[in-house]
Amino acid sequence: MSGLYEIEIQPGLTAYKACGGNQQSEHETCATLREVPGVTGGLWVMGDTKRPGAELRFSTAELEAAGIDPSRFDTAV
């Protein structure tokens, strides 16, 4: 799927995080994942709690091919 970065993301989507397990504190490095509803082929936005605003976008097929399991992102942020 092309053009994932051209799709406007509506504000207020819940992000879920998965953490690396290395610090267990506010210094923990965590990845965040948000699903954007209503996009054909799926749209997932991955971020980093240490770099707000930085993001990577994936279609559902790309997310699966990368081995990223959304169920591991279980804590809302």
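Looking only at side-chain heavy atoms (C-beta outward), Gln10 and Pro37 come within less than 4.5 Å of each other. Using a 4.5 Å cut-off on side-chain heavy atoms (C-beta onward), Thr60 and Trp44 make contact. For the pair Leu56/Tyr5, a side-chain contact is recorded, criterion being any heavy-atom separation below 4.5 Å from C-beta on.
When all heavy atoms are compared, the tightest approach of Ile9 to Val36 is CD1-CG2, 3.5 Å. Heavy atoms only, all atoms of each residue included: Tyr16 and Phe73 are closest at CB-O, 3.4 Å. Closest of all the heavy-atom pairs between Leu4 and Ser59 is CD1-N, 3.5 Å.
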* To do: Tell me, with the steps shown, if Arg34 and Glu55 meet salt bridge (Lys or Arg N to Asp or Glu O under 4.0 Å).
  => CA-CA 10 Å; Arg34 296 179 286 159; Glu55 66 179 31; 3.6 Å; yes

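A side chain to side chain contact (heavy atoms under 4.5 Å, CB included) with Lys17 holds for exactly one of Asp48, Thr32, Asp74, Leu33; it is Thr32.
Scored by the salt bridge (Lys or Arg N to Asp or Glu O under 4.0 Å) test, Glu64 finds no partners at all (sequence neighbours excluded).
Both Leu13 and Leu43 are part of a single hydrophobic cluster, where members link through side-chain heavy atoms under 4.5 Å apart.
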